[in-house]
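Each remark here refers to the structure printed beneath this line.
The first residue in the sequence is number 1, and the count goes up from there. Both backbone and side-chain heavy atoms feed into the values below; hydrogens, waters and symmetry mates do not.
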Amino acid sequence: MALAMGLVSTAAVGAAMTGLRPIVEVGFEDFLTACMDPLVNQAAKLRYMLGGQVSVPMVVYTFGGGGLNAGPQHSQSFVSWFAQVPGLKVVLPATPSDAFLMTKAAVRDNNPVIVLLSKKLIGTVGELYADESNLDSKLDTAYVTDKGDDITLLAFGAMVSVAIEARTKLAE
């Protein structure tokens, strides 16, 4: 499995360099460790190593995190690892609408992007807020759900709904 994941990721880097926009789905985020060299040492750096002569527009889509009894080898989250890699973009959808819009934006981006979906969001439902104004959403912009004067709650991914719930309770 590890060899296969590494080969698929390496093939995706090559495909992206030739002008394609590959999307690689990795079953569990835990398996990304088998893809570290092609993702971290190739996809994220090639554009800069080659002076912008190539881009690597590829998407790696996976899910991870704990809380659903998938065991210790299928419940890890590596967002902090990947967020530290220059040249690699990492997004964490908080809602079904986010998953759609962020994945669409990731496919359009000229950089390698990892879309990390929390397993807790699988099977959730929600309104899809897709109209002409947000179909071209950017990956480098956070959104604010509410503005306050006293405290700031910051969250990403599946924790956004938890933060909104906490805000509601604190407001009471």
Side-chain angles (χ1 to χ4, degrees), residues 4-50 52-65 74 76-145 154-161:
M5 285 287 105
L7 291 174
V8 168
S9 298
T10 300
V13 171
M17 290 176 63
T18 67
L20 299 175
R21 293 184 176 272
I23 301 171
V24 177
E25 191 273 330
V26 176
F28 285 99
E29 186 175 339
D30 309 66
F31 299 151
L32 288 178
T33 58
C35 308
M36 292 298 272
D37 184 60
L39 285 175
V40 173
N41 292 323
Q42 306 306 320
K45 295 180 175 88
L46 280 170
R47 182 180 204 169
Y48 305 98
M49 290 170 40
L50 300 175
Q53 295 178 50
V54 299
S55 60
V56 186
M58 63 180 275
V59 176
V60 175
Y61 187 92
T62 188
F63 57 91
H74 299 307
Q76 299 176 93
S77 177
F78 299 122
V79 62
S80 59
W81 284 9
F82 289 110
Q84 303 304 314
V85 178
L88 186 62
K89 293 184 178 183
V90 181
V91 297
L92 288 94
T95 65
S97 187
D98 281 351
F100 172 75
L101 294 171
M102 287 180 178
T103 302
K104 190 167 188 133
V107 171
R108 292 178 173 174
D109 202 281
N110 286 325
N111 298 286
V113 180
I114 299 179
V115 179
L116 298 175
L117 182 66
S118 170
K119 289 188 298 190
K120 289 187 173 195
L121 293 177
I122 293 172
T124 60
V125 296
E127 194 71 33
L128 180 59
Y129 299 104
D131 58 35
E132 292 301 319
S133 66
N134 68 6
L135 283 180
D136 292 324
S137 61
K138 304 293 181 217
L139 297 177
D140 59 355
T141 305
Y143 64 86
V144 177
T145 61
L154 177 68
F156 57 86
M159 294 307 294
V160 170
S161 62

_Checking the side chain of T62 only, and the main-chain atoms of E29 only, is there a donor and an acceptor separated by less than 3.5 Å?_
yes
*In Å, rounded to the nearest 0.5 Å, how long is the span from OG1 of T95 to CG of L101?*
7.5 Å
*Taking all non-hydrogen atoms of both residues, which atom of K120 and which atom of T124 are closest, and how far apart?*
O-CG2, 3.6 Å
*Can you tell me how far CD1 of I114 sits from OH of Y61, rounded to the nearest 0.5 angstrom?*
13.5 Å
*asked:* Can you give me the closest heavy-atom contact between Q84 and S80, atom names plus distance?
replied: CG-O, 3.0 Å
*Kindly assign one of parallel, tilted or perpendicular to the pair W81 and F78, based on the angle between their ring planes and the thresholds 30° and 60°.*
parallel
*If every non-hydrogen atom of P96 is compared with every non-hydrogen atom of V125, which pair is closest and at what distance?*
CG-C, 3.7 Å
*Please round to the nearest 0.5 Å and tell me the distance separating atom OG of S9 and atom CG of L39.*
5.0 Å
*How far apart are the closest heavy atoms of V91 and P93, and which atoms are they?*
O-CD, 3.8 Å
*Verify, without hydrogens or angle tests, whether K119 (side chain) and F63 (backbone) share a donor-acceptor contact under 3.5 angstrom.*
no
Atom pairs and distances, donor-acceptor, side-chain atoms in residues 52-60, under 3.5 Å, two or more places apart:
| residue | atom | partner | partner atom | Å |
| --- | --- | --- | --- | --- |
| Q53 | NE2 | L50 | O | 3.2 |

*Quick one: do M36 and F82 satisfy side chain to side chain contact (heavy atoms under 4.5 Å, CB included)? Show the steps, please.*
CA-CA 9 Å; M36 292 298 272; F82 289 110; 3.5 Å; yes
_With rounding to the nearest 0.5 angstrom, report the CE to CD distance, M17 to Q42._
8.5 Å
*asked:* To the nearest 0.5 Å, what is the distance between CZ on F156 and CG on D98?
replied: 13.5 Å
_More than 12 heavy atoms from other groups under 6.0 Å of CG on L154_ = no
_I'd like to check the side chain to side chain donor-acceptor pair (under 3.5 Å) partners of N111; sequence neighbours left out, ordered by chain and number._
R47, D109
*Could you give the distance from CG (L92) to OG (S77), rounded to the nearest 0.5 Å?*
7.0 Å
*Non-hydrogen atoms of S118 and A158 that approach each other most closely*: OG-CB, 3.4 Å
*State, yes or no, whether a side-chain contact exists between K45 and V40 at a heavy-atom distance under 4.5 Å.*
yes
_Minimum heavy-atom distance A83-V90, with the two atoms named_ = N-CG2, 3.9 Å
